[in-house]
Amino acid sequence: MVFHIISAVPALLESPLSHSILQRARNKGLLDIKIYDLHDYGVGSQKQIDDYQFGGGAGMVMMVEPLYNCIQDIFSKYGKMKVMYVTPDGQTYKQQLANEWSMEESFIIICGHYKGIDQRVRDHLVDIEVSIGDFVLSGGELAALILVDSIARLIPGVLNDASSALTDSFQDNLLAPPVYTRPANFKEWKVPEVLLSGHDAKISAWRENKALESTQSRRPDLLND
Ligand code: ADE
């Protein structure tokens, strides 16, 4: 899977994409991430990417032309693909969307800054607008990283244990059950006996029950979905 990420501050993206699971996925050739500095597509000798908004008001707006040129450049090299814009007024991101999008071959993600991007980019070039929650970040980069991380870990082969992603919280609309590791007894804080029993059916039943209990008490809304 290939993510083409367009950013005015590409340095913000580098470290999280270059460690741990994502870096291993890149090394294995399961994930490719191409980062585009919007300034390279800026207008005029100043390589301008933003300007004052028409009608007045605080905050700069990212211009249509650099974004258009960058997207066309990607299309001409790699073919057409879905264009996502991360924005607080997009549809709210959920695990189900991560599952769905993990089956795509490639995406362009536009990271906004300042007051956002010229509406004409949204009207004519963007296919999907997504928000990672009801709060406002200083820029779209952190949101883009969240999308890439949560989608990439679902690509077959990215996690060592293929079943691991299926038992995450939110798969099946349930939160994940508690987990324990050695030692089995730490200062008399004991691991539940059933997990030490070696009885697979009982362990599964215990986990299902705990997942349900936890969802009922912390996120009952998920059970109504
Ligand atoms: N950019 C700024 N805030 C955002 C949010 N909540 N979700 C996605 N992109 C954003």
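Every number for a ligand or one of its atoms is a count from 1 in the order of the listing. Just so you know, these numbers come straight off a predicted model, no measurement behind them.
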Undergrad: Please tabulate, one line per pair, the protein nitrogen or oxygen atoms found under 3.5 angstrom from a nitrogen or oxygen of ligand 1, with distances to 0.1 Å, or say none if there are no such pairs.
TA:
residue, atom, partner, partner atom, Å
ligand 1, 3 (N), L137, N, 3.0
ligand 1, 6 (N), G133, O, 3.1
ligand 1, 6 (N), F135, O, 2.7
ligand 1, 7 (N), I132, N, 3.0
ligand 1, 9 (N), T87, N, 3.2

Undergrad: Which ILVMFWY residues are connected to V9, directly or by a chain of links, through side-chain heavy atoms under 4.5 Å apart?
TA: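 Under the 4.5 Å side-chain rule, V9 groups with L12.
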
Undergrad: Is there a donor-acceptor pair under 3.5 Å between the side chain of T92 and the backbone N or O of S131?
TA: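 No; zero donor-acceptor contacts below 3.5 Å.
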
Undergrad: Please enumerate all residues that pass side chain to side chain donor-acceptor pair (under 3.5 Å) together with D73, with sequence neighbours excluded.
TA: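 Expected list: Y41, K77.
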
Undergrad: Could you tell me if the side chain of F170 sits less than 4.5 Å from the side chain of K94, heavy atoms only?
TA: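 Side chain of K94 against side chain of F170, heavy atoms only: no contact under 4.5 Å found.
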
Undergrad: Can you tell which of Y93, F3, F107 makes a side-chain contact (heavy atoms from CB on, under 4.5 Å) with L147?
TA: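 Exactly one option meets the side-chain contact (heavy atoms from CB on, under 4.5 Å) with L147, and it is Y93.
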
Undergrad: According to salt bridge (charged side-chain N to carboxylate O under 4.0 Å, His left out), who are the partners of R24, at least two apart in sequence or on a separate chain?
TA: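 With neighbours one apart ignored, the set is empty.
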
